[in-house]
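Some notes on the structure that comes next.
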Amino acid sequence: MSELTRAEVAHVAKLARLRLSDDELDLFTVQLAKILDHAADMQSLDLADVVATAHPYGLINVVRDDVVRPSLERDEVLAMAPDAEDGRFAVPRIMGEAP
Amino acid sequence: MTLPNGWEMVVGLEVHTELRTATKMFCGCANVFGAEPNTRVCPVCLGLPGSLPVLNERAVSMAMAIGLALHCTIAPSTFHRKNYFYPDMPKDFQISQYDLPINARGYLDLTDSTRVTIERAHLEEDTGKSTHLGGTGRIHGADRSLVDYNRSGVPLVEIVSGPDIRSSLQARLYAGELRAVLIATGASDGRMEEGSMRIDANVSVRRSGDPFGTRCEIKNLNSLRSLQRAIEFEAERQVALIEDGGVVRQETRHWDENAGTTSTMRVKEEAEDYRYFREPDLVDLAPSAAWQERVAEAMGPMPAQRRAAVLELLGDASGAQRDAVDVVIDLGLERFVHATAAAGGDVPVAIARVANELAATDDVSRLSVEAFVATVAMEARGQLSATQAKTVLAELLSTGGDPAAIAAAKGFEQLSADSLGGTVAGLIEANPDEWTRYRDGDDKLAQFFVGLVMRETRGQANGKAVIAELQARR
(Lines give C-alpha, C1' and ligand atoms only; values in the text may rest on other atoms or scores of the structure.)
Protein backbone atom coordinates (compact mmCIF):
# COMPACT_ATOMS: atom_id res chain seq x y z
CA MET A 1 0.00 0.00 0.00
CA SER A 2 1.19 3.51 -0.80
CA GLU A 3 1.99 5.78 2.12
CA LEU A 4 -0.31 8.52 0.93
CA THR A 5 -1.75 10.32 3.93
CA ARG A 6 -5.12 11.92 4.47
CA ALA A 7 -3.32 15.24 5.04
CA GLU A 8 -1.69 15.03 1.62
CA VAL A 9 -5.04 14.45 -0.02
CA ALA A 10 -6.46 17.41 1.87
CA HIS A 11 -3.55 19.53 0.65
CA VAL A 12 -4.04 18.52 -2.99
CA ALA A 13 -7.77 19.18 -2.65
CA LYS A 14 -7.03 22.64 -1.32
CA LEU A 15 -4.70 23.41 -4.21
CA ALA A 16 -7.42 22.29 -6.62
CA ARG A 17 -10.02 24.40 -4.75
CA LEU A 18 -12.08 21.29 -3.92
CA ARG A 19 -14.03 21.26 -0.68
CA LEU A 20 -14.17 17.65 0.51
CA SER A 21 -16.16 16.25 3.39
CA ASP A 22 -14.44 14.00 5.96
CA ASP A 23 -16.04 10.95 4.36
CA GLU A 24 -14.83 12.01 0.93
CA LEU A 25 -11.32 12.54 2.25
CA ASP A 26 -11.27 9.01 3.62
CA LEU A 27 -12.66 7.60 0.39
CA PHE A 28 -10.27 9.48 -1.90
CA THR A 29 -7.25 8.72 0.26
CA VAL A 30 -7.89 5.02 -0.32
CA GLN A 31 -8.69 5.45 -4.03
CA LEU A 32 -5.70 7.70 -4.79
CA ALA A 33 -3.42 5.34 -2.90
CA LYS A 34 -4.54 2.52 -5.20
CA ILE A 35 -3.64 4.60 -8.25
CA LEU A 36 -0.21 5.36 -6.81
CA ASP A 37 0.26 1.66 -6.05
CA HIS A 38 -0.42 0.91 -9.68
CA ALA A 39 2.24 3.43 -10.72
CA ALA A 40 4.63 1.91 -8.21
CA ASP A 41 3.95 -1.48 -9.76
CA MET A 42 5.15 -0.20 -13.12
CA GLN A 43 8.18 1.45 -11.56
CA SER A 44 9.29 -1.96 -10.30
CA LEU A 45 9.75 -3.17 -13.90
CA ASP A 46 13.32 -3.40 -15.17
CA LEU A 47 13.36 -0.85 -17.99
CA ALA A 48 17.11 -0.36 -18.23
CA ASP A 49 17.06 -1.20 -21.95
CA VAL A 50 14.07 0.97 -22.82
CA VAL A 51 14.72 4.44 -24.21
CA ALA A 52 12.96 7.16 -22.22
CA THR A 53 9.78 8.26 -23.97
CA ALA A 54 8.45 11.71 -23.34
CA HIS A 55 5.29 11.40 -25.39
CA PRO A 56 3.23 8.53 -26.76
CA TYR A 57 3.47 10.01 -30.27
CA GLY A 58 6.78 9.98 -32.06
CA LEU A 59 6.16 13.51 -33.28
CA ILE A 60 8.41 16.49 -32.50
CA ASN A 61 8.33 20.17 -33.49
CA VAL A 62 4.68 20.47 -34.37
CA VAL A 63 4.47 24.18 -35.14
CA ARG A 64 2.34 26.65 -37.08
CA ASP A 65 3.31 29.72 -39.11
CA ASP A 66 3.16 33.07 -37.32
CA VAL A 67 0.11 34.25 -39.25
CA VAL A 68 -2.77 36.17 -37.69
CA ARG A 69 -6.19 34.55 -37.76
CA PRO A 70 -9.47 36.20 -36.86
CA SER A 71 -10.26 36.46 -33.16
CA LEU A 72 -13.74 36.04 -31.69
CA GLU A 73 -16.28 38.84 -31.50
CA ARG A 74 -16.02 40.46 -28.11
CA ASP A 75 -19.78 40.58 -27.55
CA GLU A 76 -19.98 36.87 -28.21
CA VAL A 77 -17.11 36.21 -25.81
CA LEU A 78 -18.42 38.36 -22.98
CA ALA A 79 -21.91 36.91 -23.36
CA MET A 80 -20.48 33.59 -22.17
CA ALA A 81 -19.28 35.14 -18.91
CA PRO A 82 -21.40 35.44 -15.79
CA ASP A 83 -20.55 39.15 -15.61
CA ALA A 84 -18.74 41.78 -17.65
CA GLU A 85 -18.00 45.49 -17.46
CA ASP A 86 -16.20 47.96 -19.73
CA GLY A 87 -15.48 45.24 -22.30
CA ARG A 88 -13.81 43.08 -19.69
CA PHE A 89 -14.67 40.03 -17.65
CA ALA A 90 -15.83 40.96 -14.17
CA VAL A 91 -14.78 38.62 -11.37
CA PRO A 92 -14.94 38.76 -7.58
CA ARG A 93 -12.22 41.06 -6.29
CA ILE A 94 -8.88 39.34 -6.29
CA MET A 95 -7.15 39.25 -2.95
CA GLY A 96 -3.43 39.71 -3.34
CA GLU A 97 -1.28 39.45 -6.42
CA ALA A 98 -0.81 36.64 -8.90
CA PRO A 99 1.63 33.92 -7.85
CA MET B 1 25.86 52.37 -2.16
CA THR B 2 27.66 50.53 0.59
CA LEU B 3 26.46 47.88 2.98
CA PRO B 4 28.01 47.90 6.44
CA ASN B 5 31.48 46.43 6.61
CA GLY B 6 31.66 42.69 6.10
CA TRP B 7 28.23 42.41 4.46
CA GLU B 8 27.62 41.37 0.90
CA MET B 9 24.46 41.20 -1.18
CA VAL B 10 23.64 38.28 -3.44
CA VAL B 11 21.27 39.04 -6.30
CA GLY B 12 19.79 37.00 -9.12
CA LEU B 13 17.39 38.42 -11.68
CA GLU B 14 14.45 36.89 -13.51
CA VAL B 15 13.65 38.81 -16.66
CA HIS B 16 10.48 38.20 -18.67
CA THR B 17 10.39 39.50 -22.19
CA GLU B 18 7.46 39.41 -24.56
CA LEU B 19 8.40 38.27 -28.04
CA ARG B 20 7.66 40.46 -31.05
CA THR B 21 5.75 37.83 -32.96
CA ALA B 22 2.72 38.66 -35.08
CA THR B 23 0.57 36.16 -33.17
CA LYS B 24 0.30 34.60 -29.74
CA MET B 25 2.24 31.57 -28.56
CA PHE B 26 -0.38 28.89 -29.17
CA CYS B 27 -3.07 30.53 -31.33
CA GLY B 28 -3.46 32.92 -34.26
CA CYS B 29 -4.74 35.89 -32.25
CA ALA B 30 -2.72 39.04 -32.93
CA ASN B 31 0.03 39.90 -30.46
CA VAL B 32 -0.47 43.65 -30.11
CA PHE B 33 -0.16 46.11 -27.26
CA GLY B 34 -2.94 48.55 -26.47
CA ALA B 35 -5.86 47.01 -28.40
CA GLU B 36 -9.42 47.33 -27.10
CA PRO B 37 -9.87 44.84 -24.23
CA ASN B 38 -10.79 41.26 -25.18
CA THR B 39 -10.71 41.85 -28.94
CA ARG B 40 -7.69 39.55 -29.49
CA VAL B 41 -9.03 36.39 -27.94
CA CYS B 42 -10.13 32.96 -29.18
CA PRO B 43 -11.05 29.58 -27.67
CA VAL B 44 -7.36 28.67 -27.19
CA CYS B 45 -6.24 31.74 -25.25
CA LEU B 46 -9.52 31.85 -23.32
CA GLY B 47 -8.98 28.25 -22.25
CA LEU B 48 -12.35 27.08 -23.59
CA PRO B 49 -12.97 23.33 -23.37
CA GLY B 50 -11.84 21.32 -26.39
CA SER B 51 -9.43 23.92 -27.72
CA LEU B 52 -5.90 22.80 -28.54
CA PRO B 53 -2.65 24.81 -28.53
CA VAL B 54 -0.31 24.78 -31.55
CA LEU B 55 3.16 26.24 -31.06
CA ASN B 56 4.20 29.39 -32.96
CA GLU B 57 7.32 28.61 -35.02
CA ARG B 58 8.63 32.18 -34.90
CA ALA B 59 8.38 32.25 -31.10
CA VAL B 60 10.69 29.22 -31.04
CA SER B 61 13.12 30.90 -33.46
CA MET B 62 13.17 34.05 -31.32
CA ALA B 63 13.74 32.05 -28.14
CA MET B 64 16.69 30.34 -29.83
CA ALA B 65 18.07 33.71 -30.96
CA ILE B 66 17.98 34.87 -27.35
CA GLY B 67 19.66 31.64 -26.25
CA LEU B 68 22.41 31.97 -28.85
CA ALA B 69 23.02 35.62 -27.93
CA LEU B 70 23.43 34.53 -24.30
CA HIS B 71 25.82 31.69 -25.20
CA CYS B 72 23.31 29.08 -24.02
CA THR B 73 23.07 25.47 -25.14
CA ILE B 74 19.92 24.89 -27.18
CA ALA B 75 18.50 21.58 -26.02
CA PRO B 76 15.51 19.34 -26.72
CA SER B 77 12.75 20.65 -24.47
CA THR B 78 9.23 19.96 -23.27
CA PHE B 79 6.22 21.95 -22.09
CA HIS B 80 4.55 21.69 -18.70
CA ARG B 81 1.39 22.98 -17.09
CA LYS B 82 2.02 25.22 -14.10
CA ASN B 83 -1.21 24.98 -12.16
CA TYR B 84 -2.62 27.79 -10.07
CA PHE B 85 -5.90 29.59 -9.61
CA TYR B 86 -5.97 33.20 -10.55
CA PRO B 87 -8.40 34.96 -12.86
CA ASP B 88 -5.69 36.24 -15.20
CA MET B 89 -5.10 32.61 -16.27
CA PRO B 90 -8.38 31.44 -17.81
CA LYS B 91 -7.18 27.83 -18.11
CA ASP B 92 -6.11 27.77 -14.43
CA PHE B 93 -2.67 26.79 -15.63
CA GLN B 94 0.11 28.48 -17.53
CA ILE B 95 1.99 26.57 -20.21
CA SER B 96 5.67 26.88 -19.39
CA GLN B 97 8.88 24.90 -19.56
CA TYR B 98 10.04 23.16 -16.42
CA ASP B 99 12.86 20.64 -16.14
CA LEU B 100 13.85 20.78 -19.81
CA PRO B 101 14.06 24.41 -21.00
CA ILE B 102 14.92 25.27 -24.60
CA ASN B 103 18.04 27.27 -23.54
CA ALA B 104 20.32 26.31 -20.66
CA ARG B 105 23.59 27.43 -19.10
CA GLY B 106 24.87 30.56 -20.77
CA TYR B 107 26.37 33.85 -19.72
CA LEU B 108 26.28 37.58 -20.32
CA ASP B 109 29.38 39.79 -20.18
CA LEU B 110 28.77 43.25 -18.76
CA THR B 111 30.41 46.57 -19.61
CA ASP B 112 32.22 46.54 -16.25
CA SER B 113 34.02 43.38 -17.43
CA THR B 114 32.12 41.08 -15.07
CA ARG B 115 30.31 37.96 -16.27
CA VAL B 116 26.90 36.82 -15.03
CA THR B 117 25.84 33.25 -15.67
CA ILE B 118 22.47 32.50 -17.25
CA GLU B 119 20.85 29.43 -15.76
CA ARG B 120 18.11 29.13 -18.34
CA ALA B 121 15.99 31.03 -20.83
CA HIS B 122 12.72 29.23 -21.39
CA LEU B 123 9.48 29.73 -23.31
CA GLU B 124 6.16 30.34 -21.64
CA GLU B 125 2.90 32.19 -22.21
CA ASP B 126 1.89 35.51 -20.71
CA THR B 127 -1.19 35.98 -18.57
CA GLY B 128 -4.14 38.31 -18.97
CA LYS B 129 -4.29 41.69 -17.34
CA SER B 130 -6.51 42.41 -14.36
CA THR B 131 -7.64 45.74 -13.01
CA HIS B 132 -8.73 45.86 -9.40
CA LEU B 133 -11.76 47.92 -8.51
CA GLY B 134 -13.15 48.70 -5.11
CA GLY B 135 -11.28 49.41 -1.94
CA THR B 136 -10.90 53.01 -3.01
CA GLY B 137 -14.33 52.72 -4.59
CA ARG B 138 -13.34 54.36 -7.85
CA ILE B 139 -16.11 52.76 -9.90
CA HIS B 140 -19.50 52.13 -8.22
CA GLY B 141 -17.55 51.32 -5.04
CA ALA B 142 -17.65 47.81 -6.43
CA ASP B 143 -15.43 45.15 -4.95
CA ARG B 144 -14.37 43.33 -8.06
CA SER B 145 -11.70 42.87 -10.65
CA LEU B 146 -11.93 43.25 -14.42
CA VAL B 147 -9.91 41.03 -16.71
CA ASP B 148 -8.66 41.60 -20.26
CA TYR B 149 -7.29 38.49 -21.99
CA ASN B 150 -5.60 40.21 -24.96
CA ARG B 151 -2.24 39.50 -23.34
CA SER B 152 -3.17 35.97 -22.37
CA GLY B 153 -1.03 33.60 -24.43
CA VAL B 154 1.44 36.21 -25.71
CA PRO B 155 4.81 34.44 -26.04
CA LEU B 156 7.38 35.13 -23.35
CA VAL B 157 10.94 34.12 -22.72
CA GLU B 158 11.98 34.07 -19.06
CA ILE B 159 15.71 34.57 -18.54
CA VAL B 160 17.00 33.44 -15.16
CA SER B 161 20.45 34.59 -14.06
CA GLY B 162 22.65 32.79 -11.59
CA PRO B 163 23.00 34.33 -8.09
CA ASP B 164 26.14 36.08 -9.32
CA ILE B 165 25.29 39.74 -8.91
CA ARG B 166 26.95 41.51 -5.98
CA SER B 167 25.83 45.14 -6.23
CA SER B 168 22.80 47.15 -7.28
CA LEU B 169 24.87 48.83 -9.99
CA GLN B 170 25.92 45.46 -11.39
CA ALA B 171 22.24 44.44 -11.43
CA ARG B 172 21.44 47.56 -13.41
CA LEU B 173 24.30 46.93 -15.83
CA TYR B 174 23.11 43.36 -16.30
CA ALA B 175 19.53 44.39 -16.97
CA GLY B 176 20.65 47.16 -19.32
CA GLU B 177 22.97 44.90 -21.30
CA LEU B 178 20.36 42.14 -21.42
CA ARG B 179 17.82 44.65 -22.70
CA ALA B 180 20.25 45.76 -25.43
CA VAL B 181 20.88 42.12 -26.38
CA LEU B 182 17.15 41.35 -26.53
CA ILE B 183 16.55 44.34 -28.78
CA ALA B 184 19.52 43.36 -30.97
CA THR B 185 18.12 39.86 -31.52
CA GLY B 186 14.89 41.43 -32.76
CA ALA B 187 12.99 39.23 -30.31
CA SER B 188 11.94 42.06 -28.01
CA ASP B 189 11.31 45.79 -28.08
CA GLY B 190 12.67 46.00 -24.50
CA ARG B 191 9.97 48.48 -23.46
CA MET B 192 9.84 48.27 -19.68
CA GLU B 193 7.24 51.05 -19.45
CA GLU B 194 4.80 49.00 -21.56
CA GLY B 195 5.58 45.86 -19.60
CA SER B 196 7.11 44.03 -22.54
CA MET B 197 10.24 43.55 -20.42
CA ARG B 198 9.67 42.84 -16.71
CA ILE B 199 12.20 42.18 -14.00
CA ASP B 200 11.93 40.40 -10.66
CA ALA B 201 14.93 40.55 -8.32
CA ASN B 202 15.90 37.86 -5.82
CA VAL B 203 17.89 39.56 -3.07
CA SER B 204 19.66 38.12 -0.04
CA VAL B 205 22.55 39.24 2.14
CA ARG B 206 25.32 37.43 3.95
CA ARG B 207 28.50 38.14 5.82
CA SER B 208 31.30 37.69 3.31
CA GLY B 209 32.23 34.02 3.06
CA ASP B 210 29.02 32.73 4.65
CA PRO B 211 26.54 30.55 2.75
CA PHE B 212 23.69 32.31 0.94
CA GLY B 213 21.07 33.91 3.19
CA THR B 214 17.27 33.66 2.86
CA ARG B 215 16.13 35.56 -0.19
CA CYS B 216 13.22 37.84 -0.90
CA GLU B 217 11.76 38.31 -4.34
CA ILE B 218 11.00 41.90 -5.34
CA LYS B 219 8.32 42.67 -7.89
CA ASN B 220 7.00 45.79 -9.62
CA LEU B 221 10.34 46.99 -10.97
CA ASN B 222 9.32 49.09 -13.93
CA SER B 223 12.61 50.75 -14.87
CA LEU B 224 16.32 50.15 -14.55
CA ARG B 225 16.43 52.94 -11.99
CA SER B 226 13.70 51.27 -9.89
CA LEU B 227 15.64 48.02 -10.08
CA GLN B 228 18.78 49.63 -8.69
CA ARG B 229 16.97 51.57 -5.97
CA ALA B 230 14.85 48.59 -4.88
CA ILE B 231 17.85 46.29 -4.56
CA GLU B 232 19.74 48.87 -2.50
CA PHE B 233 16.78 49.38 -0.20
CA GLU B 234 16.12 45.66 0.19
CA ALA B 235 19.73 44.71 0.94
CA GLU B 236 20.00 47.48 3.53
CA ARG B 237 16.69 46.40 5.08
CA GLN B 238 17.85 42.81 5.42
CA VAL B 239 21.21 43.77 6.94
CA ALA B 240 19.53 46.07 9.46
CA LEU B 241 17.01 43.34 10.32
CA ILE B 242 19.71 40.73 10.94
CA GLU B 243 21.92 43.09 12.90
CA ASP B 244 18.93 43.81 15.15
CA GLY B 245 18.68 40.09 15.84
CA GLY B 246 15.86 39.46 13.37
CA VAL B 247 15.47 36.80 10.71
CA VAL B 248 14.71 37.33 7.02
CA ARG B 249 11.53 35.54 5.96
CA GLN B 250 11.32 34.13 2.47
CA GLU B 251 8.63 36.24 0.86
CA THR B 252 7.57 38.22 -2.15
CA ARG B 253 7.90 41.98 -1.68
CA HIS B 254 6.41 44.83 -3.64
CA TRP B 255 8.51 47.86 -4.62
CA ASP B 256 6.77 51.18 -4.02
CA GLU B 257 8.38 53.64 -6.41
CA ASN B 258 7.07 56.76 -4.67
CA ALA B 259 7.89 55.69 -1.13
CA GLY B 260 11.21 54.16 -2.20
CA THR B 261 10.53 51.07 -0.07
CA THR B 262 9.65 47.39 -0.40
CA SER B 263 6.84 45.79 1.59
CA THR B 264 5.47 42.30 2.11
CA MET B 265 3.16 41.16 -0.65
CA ARG B 266 2.94 37.44 0.01
CA VAL B 267 4.67 35.24 2.54
CA LYS B 268 5.76 31.89 1.22
CA GLU B 269 4.35 29.81 4.06
CA GLU B 270 4.68 26.59 2.17
CA ALA B 271 6.83 25.74 -0.77
CA GLU B 272 5.03 26.84 -3.91
CA ASP B 273 3.11 23.89 -5.19
CA TYR B 274 2.28 24.36 -8.83
CA ARG B 275 1.83 20.63 -9.49
CA TYR B 276 3.80 20.86 -12.72
CA PHE B 277 3.01 18.11 -15.14
CA ARG B 278 3.64 17.52 -18.83
CA GLU B 279 1.34 19.44 -21.15
CA PRO B 280 -0.32 16.51 -22.92
CA ASP B 281 -1.53 18.67 -25.81
CA LEU B 282 1.97 19.58 -27.00
CA VAL B 283 4.72 17.36 -28.35
CA ASP B 284 8.42 17.75 -27.68
CA LEU B 285 10.49 20.50 -29.17
CA ALA B 286 13.85 19.51 -30.62
CA PRO B 287 14.99 22.13 -33.13
CA SER B 288 17.18 20.61 -35.83
CA ALA B 289 20.74 21.76 -36.40
CA ALA B 290 19.53 23.33 -39.66
CA TRP B 291 16.86 25.35 -37.85
CA GLN B 292 19.39 26.53 -35.28
CA GLU B 293 21.78 27.53 -38.06
CA ARG B 294 19.09 29.53 -39.84
CA VAL B 295 18.47 31.45 -36.63
CA ALA B 296 22.18 32.01 -36.03
CA GLU B 297 22.74 33.26 -39.59
CA ALA B 298 19.89 35.74 -39.35
CA MET B 299 21.35 37.34 -36.22
CA GLY B 300 23.16 40.65 -36.45
CA PRO B 301 26.10 41.63 -34.27
CA MET B 302 25.44 41.88 -30.54
CA PRO B 303 25.79 45.15 -28.58
CA ALA B 304 29.22 44.26 -27.17
CA GLN B 305 30.66 43.88 -30.69
CA ARG B 306 28.92 46.99 -31.95
CA ARG B 307 30.15 48.97 -28.95
CA ALA B 308 33.71 47.77 -29.56
CA ALA B 309 33.48 48.80 -33.21
CA VAL B 310 32.53 52.38 -32.29
CA LEU B 311 35.11 52.61 -29.49
CA GLU B 312 37.74 51.52 -31.98
CA LEU B 313 36.99 54.62 -34.06
CA LEU B 314 37.68 56.75 -31.00
CA GLY B 315 40.96 55.20 -29.95
CA ASP B 316 41.27 56.45 -26.37
CA ALA B 317 37.78 57.15 -25.08
CA SER B 318 37.04 59.19 -21.96
CA GLY B 319 34.47 58.00 -19.42
CA ALA B 320 31.95 60.48 -20.76
CA GLN B 321 32.59 59.29 -24.30
CA ARG B 322 32.06 55.68 -23.24
CA ASP B 323 28.73 56.66 -21.73
CA ALA B 324 27.83 58.43 -24.97
CA VAL B 325 28.79 55.34 -26.99
CA ASP B 326 26.51 53.23 -24.72
CA VAL B 327 23.64 55.56 -25.59
CA VAL B 328 24.45 55.33 -29.30
CA ILE B 329 24.43 51.51 -29.15
CA ASP B 330 21.30 51.31 -26.98
CA LEU B 331 19.46 53.37 -29.57
CA GLY B 332 20.96 51.43 -32.48
CA LEU B 333 22.11 54.67 -34.13
CA GLU B 334 25.76 53.85 -34.77
CA ARG B 335 25.24 54.02 -38.53
CA PHE B 336 25.53 57.81 -38.23
CA VAL B 337 28.89 57.48 -36.47
CA HIS B 338 30.28 54.91 -38.89
CA ALA B 339 29.21 57.01 -41.90
CA THR B 340 30.95 60.05 -40.39
CA ALA B 341 34.12 58.02 -39.87
CA ALA B 342 33.95 56.63 -43.41
CA ALA B 343 33.74 60.19 -44.75
CA GLY B 344 36.81 61.15 -42.73
CA GLY B 345 34.68 63.30 -40.41
CA ASP B 346 34.96 64.20 -36.74
CA VAL B 347 33.95 61.01 -34.87
CA PRO B 348 33.81 62.47 -31.32
CA VAL B 349 31.49 65.24 -32.51
CA ALA B 350 29.33 62.71 -34.36
CA ILE B 351 29.04 60.57 -31.21
CA ALA B 352 28.15 63.60 -29.10
CA ARG B 353 25.47 64.74 -31.57
CA VAL B 354 23.93 61.24 -31.76
CA ALA B 355 24.01 60.72 -27.98
CA ASN B 356 22.43 64.12 -27.32
CA GLU B 357 20.47 65.64 -30.20
CA LEU B 358 19.41 62.38 -31.88
CA ALA B 359 18.79 60.62 -28.58
CA ALA B 360 16.43 63.40 -27.53
CA THR B 361 13.91 62.48 -30.21
CA ASP B 362 11.87 59.32 -30.71
CA ASP B 363 12.01 59.44 -34.48
CA VAL B 364 15.15 59.92 -36.55
CA SER B 365 13.56 58.69 -39.78
CA ARG B 366 13.60 62.13 -41.46
CA LEU B 367 17.33 62.60 -40.90
CA SER B 368 19.36 60.96 -43.65
CA VAL B 369 22.82 59.65 -42.86
CA GLU B 370 24.20 61.93 -45.61
CA ALA B 371 22.62 65.04 -44.08
CA PHE B 372 24.03 64.12 -40.67
CA VAL B 373 27.54 63.60 -42.05
CA ALA B 374 27.33 66.90 -43.94
CA THR B 375 26.24 68.77 -40.81
CA VAL B 376 29.09 67.36 -38.75
CA ALA B 377 31.49 68.30 -41.56
CA MET B 378 30.17 71.87 -41.67
CA GLU B 379 30.72 72.11 -37.93
CA ALA B 380 34.23 70.70 -38.21
CA ARG B 381 35.12 73.22 -40.98
CA GLY B 382 33.86 76.08 -38.83
CA GLN B 383 30.97 76.88 -41.16
CA LEU B 384 28.65 76.20 -38.25
CA SER B 385 29.20 76.79 -34.57
CA ALA B 386 28.26 73.95 -32.22
CA THR B 387 25.03 75.74 -31.32
CA GLN B 388 24.18 76.30 -34.97
CA ALA B 389 24.93 72.67 -35.82
CA LYS B 390 22.50 71.56 -33.10
CA THR B 391 19.85 73.90 -34.50
CA VAL B 392 20.36 72.52 -38.01
CA LEU B 393 20.13 68.94 -36.69
CA ALA B 394 16.92 69.74 -34.82
CA GLU B 395 15.46 71.05 -38.08
CA LEU B 396 16.64 67.99 -39.99
CA LEU B 397 15.11 65.69 -37.37
CA SER B 398 11.73 67.39 -37.49
CA THR B 399 11.39 68.14 -41.19
CA GLY B 400 14.32 66.56 -43.04
CA GLY B 401 16.00 68.38 -45.90
CA ASP B 402 19.45 69.65 -46.79
CA PRO B 403 21.71 71.03 -44.05
CA ALA B 404 23.32 73.68 -46.25
CA ALA B 405 19.89 74.98 -47.27
CA ILE B 406 18.70 75.01 -43.66
CA ALA B 407 21.87 76.85 -42.57
CA ALA B 408 21.34 79.39 -45.36
CA ALA B 409 17.68 79.88 -44.46
CA LYS B 410 18.62 80.56 -40.87
CA GLY B 411 21.31 83.04 -41.92
CA PHE B 412 24.11 80.79 -40.66
CA GLU B 413 25.96 80.66 -43.99
CA GLN B 414 27.22 84.25 -43.93
CA LEU B 415 30.02 83.08 -41.70
CA SER B 416 31.89 81.38 -44.46
CA ALA B 417 35.65 81.23 -44.09
CA ASP B 418 35.89 84.32 -46.33
CA SER B 419 33.56 86.50 -44.34
CA LEU B 420 35.08 85.38 -41.07
CA GLY B 421 38.51 86.23 -42.49
CA GLY B 422 37.22 89.69 -43.43
CA THR B 423 35.81 90.27 -39.94
CA VAL B 424 39.04 89.16 -38.27
CA ALA B 425 41.15 91.35 -40.58
CA GLY B 426 38.98 94.37 -39.80
CA LEU B 427 39.26 93.85 -36.05
CA ILE B 428 43.04 93.41 -36.23
CA GLU B 429 43.27 96.75 -38.03
CA ALA B 430 41.07 98.40 -35.42
CA ASN B 431 43.09 97.02 -32.47
CA PRO B 432 46.77 97.29 -33.48
CA ASP B 433 48.23 97.29 -29.92
CA GLU B 434 46.43 94.10 -28.87
CA TRP B 435 47.38 92.46 -32.17
CA THR B 436 51.06 93.29 -31.64
CA ARG B 437 51.02 91.83 -28.13
CA TYR B 438 49.32 88.69 -29.45
CA ARG B 439 51.93 88.36 -32.21
CA ASP B 440 54.64 88.79 -29.58
CA GLY B 441 53.36 85.69 -27.83
CA ASP B 442 50.63 86.81 -25.40
CA ASP B 443 48.15 83.98 -26.16
CA LYS B 444 45.58 85.33 -23.72
CA LEU B 445 44.70 87.99 -26.29
CA ALA B 446 43.27 85.33 -28.57
CA GLN B 447 40.20 85.34 -26.32
CA PHE B 448 40.02 89.13 -26.62
CA PHE B 449 39.73 88.83 -30.41
CA VAL B 450 37.30 85.90 -30.19
CA GLY B 451 35.11 88.04 -27.95
CA LEU B 452 35.17 90.90 -30.47
CA VAL B 453 34.32 88.56 -33.35
CA MET B 454 31.44 87.05 -31.39
CA ARG B 455 30.06 90.51 -30.65
CA GLU B 456 30.38 91.56 -34.28
CA THR B 457 28.75 88.35 -35.58
CA ARG B 458 26.13 88.16 -32.83
CA GLY B 459 27.57 84.86 -31.64
CA GLN B 460 27.38 83.10 -34.97
CA ALA B 461 31.10 82.54 -35.37
CA ASN B 462 32.87 79.35 -34.40
CA GLY B 463 35.46 80.04 -31.68
CA LYS B 464 37.88 77.45 -33.01
CA ALA B 465 37.62 78.89 -36.52
CA VAL B 466 38.38 82.39 -35.18
CA ILE B 467 41.50 81.14 -33.42
CA ALA B 468 42.57 79.37 -36.60
CA GLU B 469 42.18 82.65 -38.50
CA LEU B 470 44.22 84.49 -35.87
CA GLN B 471 46.96 81.90 -35.93
CA ALA B 472 47.08 81.98 -39.71
CA ARG B 473 47.80 85.72 -39.55
CA ARG B 474 50.16 85.65 -36.59
Side-chain angles (χ1 to χ4, degrees), chain A residues 4-5 7-19 28 32 35-36 39 42 51-99, chain B residues 21-23 27-30 36-43 46 48 54-60 76 78 83-89 100 127-128 130-135 139 142-149 219 252 254 265-266 272-275 278 280 282-288 291:
Chain A
L4 183 70
T5 64
E8 284 173 308
V9 176
H11 173 65
V12 172
K14 186 185 162 204
L15 289 172
R17 302 296 189 274
L18 295 173
R19 189 178 294 128
F28 293 142
L32 283 170
I35 293 170
L36 291 176
M42 290 193 288
V51 179
T53 308
H55 203 283
Y57 305 114
L59 296 169
I60 56 165
N61 301 340
V62 176
V63 293
R64 64 180 172 84
D65 290 340
D66 185 27
V67 176
V68 176
R69 295 174 62 176
S71 296
L72 296 174
E73 286 298 323
R74 182 164 73 182
D75 292 345
E76 186 191 348
V77 169
L78 294 179
M80 295 188 285
D83 197 4
E85 183 177 320
D86 282 349
R88 288 171 288 180
F89 293 88
V91 297
R93 186 168 138 82
I94 303 157
M95 301 306 289
E97 297 290 327
Chain B
T21 51
T23 65
C27 64
C29 288
E36 278 290 302
N38 293 308
T39 55
R40 302 293 187 273
V41 293
C42 76
L46 286 172
L48 300 188
V54 187
L55 186 58
N56 181 338
E57 180 174 20
R58 184 168 289 150
V60 177
T78 60
N83 298 278
Y84 63 88
F85 282 86
Y86 200 75
D88 65 7
M89 282 303 313
L100 296 172
T127 61
S130 40
T131 309
H132 309 298
L133 305 179
I139 300 178
D143 249 14
R144 50 199 207 153
S145 299
L146 302 181
V147 193
D148 168 16
Y149 289 118
K219 290 187 177 283
T252 304
H254 179 90
M265 198 162 106
R266 185 173 66 240
E272 277 167 347
D273 194 341
Y274 293 124
R275 291 150 296 143
R278 287 289 302 274
L282 291 167
V283 300
D284 290 7
L285 188 57
S288 64
W291 188 359

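So that the names make sense, note that chain A is the first sequence line, chain B the second, and so on, each numbered from 1.
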When only pairs under 4.5 Å are counted, which of A:Val77, A:Val12, A:Asn61, A:Val62 shares the most heavy-atom pairs with chain B?
-> A:Asn61
For A:Asp66, check salt bridge (charged side-chain N to carboxylate O under 4.0 Å, His left out) against everything at least two apart and list the hits.
-> B:Arg58
Is B:Val147 close to A:Val91 at the side-chain level, that is, under 4.5 Å between some pair of heavy atoms?
-> yes
Side chain, backbone, both or neither: which part of B:Pro43 has a non-hydrogen atom closer than 4.5 Å to chain A?
-> both
Portion of B:Leu48 that has a non-hydrogen atom of chain A nearer than 4.5 angstrom = side chain
Count the heavy-atom pairs under 4.5 Å between each of B:Asp148, B:Asn56, B:Leu100 and chain A, then report the option with the highest count.
-> B:Asn56
Tell me, yes or no, whether the heavy-atom count around A:Arg69 atom CZ, taken from other residues, nucleotides or ligands under 6.0 Å, exceeds 12.
-> no
Is there a donor-acceptor contact under 3.5 Å linking the side chains of B:Thr39 and B:Glu36?
-> no
Residues passing the salt bridge (charged side-chain N to carboxylate O under 4.0 Å, His left out) test with A:Glu76, sequence neighbours excluded, are none
Is it the backbone or the side chain of A:Ala16 that comes under 4.5 Å from a heavy atom of chain B, or both, or neither?
-> both
